[in-house]
Visitor: 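Before we start, here is the structure in question, set down as structure tokens.
All heavy atoms count here, side chains included; hydrogens, waters and symmetry mates do not. In what follows, chains carry the letters A, B, and so on, assigned in the order in which the sequence lines appear, proteins first and then strands, with residues in each chain numbered from 1. It should be emphasised that the depicted structure is a prediction, and the values quoted were computed from it without experimental measurement.
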Amino acid sequence: MLQINLIKNNKAEVIRLLAVKNFDASDLIEKIIQLDDRRKETKKMLDEQLASSNKMAKEIGQLFKTGNAQEANLLKEQTAALKQSSKKLSEELGSIVKTLSEAVIELPNIPHPSVPEGKSEKDNEMIFEEGTVPVLENNAKPHWELAKEYDIIDFDLGSKVTGAGFPFYKGKGARFQRALINFFLNEALERGYTEIQPPLFVNEDSAYGTGQLPDKEGQMYHITEDNFYLIPTSEVPLTNIYRQVTLKEGDFPIMNAAYSSCFRREAGSYGKDVRGLNRLHQFDKVEIVQIQHPDKSYETLEVMKDYVASLLRKLELPFRIIRLCGGDLSFTSALTYDFEVYSAAQRMWLEVSSVSNFESFQANRMKLRFKAKDGKTQLAHTLNGSALALPRIVAALLENNQTFDGIKIPRVLQSYTGFELIN
RNA sequence: GGAGAAAUGGCAGAGUGGUCGAAUGCGGCGGUCUUGAAAACCGUUGAAGGUCAAACUUCCGGGGGUUCGAAUCCCUCUUUCUCCGCCA
């Protein structure tokens, strides 16, 4: 959620920048400014009426105290009309505020100046590439065939017990997953992150705070009986820890990392993109979240980006870093780097991480503030990134490391798995 | 799941209809004293809206109600604690 004062004071600039996201904000912003002016006007009128009500109530109290009941009762009668009109004003104000906040919620975050213009993922900007794309034998298999051959991931069983997109990991497959989780968590710990085990369900306020609601409602599993949402990423509970919290400047940076299962309905996905591990309804991920001072958030974003790169390097995976264009950038993000690894048998790049700076967009929604040195309270910046999402990493590792003898485990993981080969 | 109690400022804790945004203590900040520190003493110390600044308004877990007037009374939700039941 953008701050209304910022919109007001930089109207033209906000409209121009939102156009980079292919969002035409001019009408909406006009509406917001009008509503906010009306809000102020109405509030002022209401305040004046309340002030005189308060004054009269005090007088009545005084009169009763001094035994002047007759005069008090006279004054009491006068309050009725005032009460009625202030009730009406207050209802009016309520409805203005509601309309206003519904309008403000529709505005996406302003993109960072470095975000390239563009309509779709085709216009994203590749900013870094590393590693050699492996050339496999002709009989190389995609990961879903390897998974079956070595009996490490069972998609059919998942379909039977739950449904499509909920695979079973078995034997060395399960151990491999566990090794990756431990590896990612230990790396994060070494970088100074605090390990957190969050709840996997969140309430409506939390889903709203990080921006999953209202616009991505259909993407989350919803437990209607208790009005909980299954987390699509641990970003949601991790960031909402600080909902309605005022930090001290010395608290920065806050660095939390969590492993969690993630749940996504992925309505409308189909075809080769959802084959095997490419897109699941339940998957595992280690997420890193930072809360930073506004002056330092972009510096931090670069550090987080470099950290994710270091993980992929250690896993010996060829990867590239993409700066998302305006059209591909999420509603809440100001700048996002996507990481893609090459999956050699599918011959495609798979997105395995997304590192974003939300600036104060989430913070404004959830009232995450800090007290600056000058004593003023202002919004903090939130950032997060996957470090990393497991399924596509597993897919790429299975495919890229397949040999005649079996699948080689990257050196860095061997102490975690306890085996060097899946065969 | 059943019964009961509770929720007040950073923390502890008073306040059961008006002068209460709220006593007191602790903590924080500033100062006096001191070579420095501690102690002691003095002052100060919530948030949001609004304003050039003020005035003013709102906020005592959330929402609603009664009343001229609510931290205080009523309804409701949430959370915490105690007891009983069930249970990994």
Visitor: Does a side chain donor of either A:N203 or A:S206 reach within less than 3.5 Å of an acceptor in the other side chain?
Guide: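 Judged by distance alone, the side chains do pair up.
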
Visitor: Rounding to the closest angstrom, what is the interatomic distance between B:A38 and B:C33 at atom C1'?
Guide: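 Per the computed distance, 12 Å lies between those C1' atoms.
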
Visitor: Output the single nucleotide from B:A48, B:G18, B:G49 whose closest atom is nearest the side chain of A:I60.
Guide: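 For the A:I60 side chain, the nearest candidate turns out to be B:G18.
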
Visitor: I'd like to know if the side chain of A:T382 pairs up with that of A:Q362 as donor and acceptor (distance under 3.5 Å, no hydrogens or angles considered).
Guide: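 Distance-only check passes for A:T382 and A:Q362.
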
Visitor: Would the number of heavy atoms belonging to other residues, nucleotides or ligands and lying under 6.0 Å from NZ of A:K8 be above 12?
Guide: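 Yes - once you tally the heavy atoms of other residues, nucleotides and ligands closer than 6.0 Å, there are more than 12.
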
Visitor: Provide the Watson-Crick or G-U wobble partner of B:A47, both distances under 3.5 Å; none if there is no partner.
Guide: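 Pair assignment: B:A47 / B:U58.
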
Visitor: Starting at atom NZ of A:K58, determine the distance to atom P of B:C56, rounded to an integer number of angstrom.
Guide: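 Taking NZ of A:K58 and P of B:C56, I get 9 Å after rounding.
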
Visitor: So A:T377, base contact, sugar-phosphate only, or nothing? Heavy-atom distance under 4.0 Å.
Guide: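 Sugar-phosphate contact only - A:T377 comes under 4.0 Å of backbone atoms but never of a base.
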
Visitor: Rounding to the closest angstrom, what is the interatomic distance between B:A70 and B:C77 at atom P?
Guide: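 These two P atoms come out 24 Å apart once rounded.
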
Visitor: Between atom NZ in A:K87 and atom C1' in B:G64, what is the gap in whole Å?
Guide: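 In whole Å, B:G64 C1' and A:K87 NZ are 11 Å from each other.
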
Visitor: Students often get this wrong, so: under 4.0 angstrom with heavy atoms, is A:L50 touching a base, only sugar-phosphate, or nothing?
Guide: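 Result for A:L50 = sugar-phosphate.
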
Visitor: Would you say A:R313 has more than 12 foreign heavy atoms packed within less than 6.0 Å of its CZ?
Guide: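 Counting other residues, nucleotides and ligands, CZ of A:R313 exceeds 12 neighbours.
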
Visitor: Using purine N1 to pyrimidine N3 plus N6-O4 or O6-N4 for Watson-Crick, or N1-O2 and O6-N3 for G-U wobble, both under 3.5 Å, which nucleotide pairs with B:A3?
Guide: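 Check on B:A3: paired to B:U82, both distances under 3.5 Å.
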
Visitor: Against A:H112, only a single residue in A:Y298, A:Y337, A:F358 fulfils ring-ring contact (aromatic ring centres under 6.0 Å, His included); can you say which?
Guide: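 Answer to the ring-ring contact (aromatic ring centres under 6.0 Å, His included) test with A:H112 among A:Y298, A:Y337, A:F358: A:Y298.
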
Visitor: Check this one for me: any side-chain N or O of A:K43 less than 4.0 Å away from OP1 or OP2 of B:C56?
Guide: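 Answer no for this pair, as no side-chain N or O of A:K43 is under 4.0 Å from OP1 or OP2.
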
Visitor: Just how far, in rounded Å, is C1' of B:C68 from CD of A:Q62?
Guide: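 Rounded to whole Å, this separation is 14 Å.
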
Visitor: B:U58 C1' sits how many Å from A:K44 NZ, rounded?
Guide: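 Rounded to whole Å, this separation is 17 Å.
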
Visitor: With no hydrogens and no angle check, do the side chains of A:R243 and A:N240 hold a donor and an acceptor under 3.5 Å apart?
Guide: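 Yes, a side-chain donor-acceptor pair sits under 3.5 Å.
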
Visitor: If I pick the P atom on B:C26 and the same atom on B:G21, what distance separates them, to the nearest angstrom?
Guide: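 Going atom to atom, P in each nucleotide, I get 25 Å.
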
Visitor: Nearest whole angstrom, please: distance from the P of B:G62 to the CG of A:N227.
Guide: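 Checked: the CG to P distance equals 20 Å.
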
Visitor: Using a cut-off of 4.0 Å on non-hydrogen atoms, how would the nucleic acid contact of A:K371 be classed: base, sugar-phosphate, or nothing?
Guide: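 Contact class for A:K371: sugar-phosphate only.
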
Visitor: Expressed in whole Å, how much space separates the P atoms belonging to B:A71 and B:C60?
Guide: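 My reading of the P atoms in B:A71 and B:C60 gives 7 Å.
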
Visitor: Please give the distance between the C1' atoms of B:G49 and B:C68 as a whole number of Å.
Guide: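 It comes out at 26 Å once rounded to the nearest Å.
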
Visitor: Identify the nucleotide, in any strand shown, that forms a Watson-Crick or G-U wobble pair with B:C52, with both distances under 3.5 Å; if there is none, say none.
Guide: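 Pairing partner: none.
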
Visitor: If B:C33 has a Watson-Crick or G-U wobble mate with both distances under 3.5 Å, name it; if not, just say none.
Guide: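 None - no nucleotide pairs with B:C33, as no candidate has both distances under 3.5 Å.
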
Visitor: Is the shortest side-chain N/O distance from A:N54 to OP1 or OP2 of B:C56 below 4.0 Å?
Guide: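 No, because none of the side-chain N or O atoms of A:N54 sits under 4.0 Å from OP1 or OP2 of B:C56.
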
Visitor: One pair to check against ring pair (Phe, Tyr, Trp, His ring centres under 6.0 Å): A:F201 and A:Y229. What are the steps and the verdict?
Guide: CA-CA 5 Å; A:F201 300 176; A:Y229 290 88; over 10 Å; no

Visitor: Do A:Y259 and A:Q197 have side-chain atoms, one donor and one acceptor, less than 3.5 Å apart?
Guide: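 Short answer, no.
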
Visitor: Does B:C68 have a Watson-Crick or wobble mate here (both distances under 3.5 Å), and if so which one?
Guide: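 Pair assignment: B:C68 / B:G18.
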
Visitor: Under a 4.0 Å threshold between the charged nitrogen and the carboxylate oxygen, would A:K141 count as salt-bridged to A:E149?
Guide: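 Looking at A:E149 and A:K141, the cut-off is met.
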
Visitor: Find the partner of B:G25: check Watson-Crick (N1-N3 plus N6-O4 or O6-N4) and G-U wobble (N1-O2, O6-N3) distances, both under 3.5 Å, and reply none if neither fits.
Guide: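 By the stated definition (distances under 3.5 Å), B:C11 pairs with B:G25.
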
Visitor: Using the P atom in both, what is the distance from B:C74 to B:G18, to the nearest Å?
Guide: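 About 16 Å, rounded to a whole number of Å.
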
Visitor: Starting at CZ of A:F370 and ending at C1' of B:G46, how long is that distance when rounded to a whole Å?
Guide: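 In whole Å, B:G46 C1' and A:F370 CZ are 18 Å from each other.
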
Visitor: Rounded to whole Å, how long is the line connecting atom CG of A:N73 with atom P of B:G69?
Guide: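 These atoms are roughly 14 Å apart.
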
Visitor: In whole angstrom, give the distance that lies between atom CG of A:N203 and atom C1' of B:C77.
Guide: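 Whole-Å distance recorded here is 14 Å.
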
Visitor: Specify the residues of residues 34-41 of chain A, ordered by number, for which at least one heavy atom lies under 4.0 angstrom from an atom of RNA chain B.
Guide: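 Within this stretch, A:R39, A:K40 sit under 4.0 Å of the strand.
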
Visitor: Please state the P separation for the pair B:A12 and B:C20 - nearest whole angstrom.
Guide: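 So the two P atoms sit 25 Å from each other.
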
Visitor: Of all the choices, B:G49, B:C68, B:A48, which nucleotide is nearest to the side chain of A:D47 once you look at every atom?
Guide: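 The answer is B:G49.
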
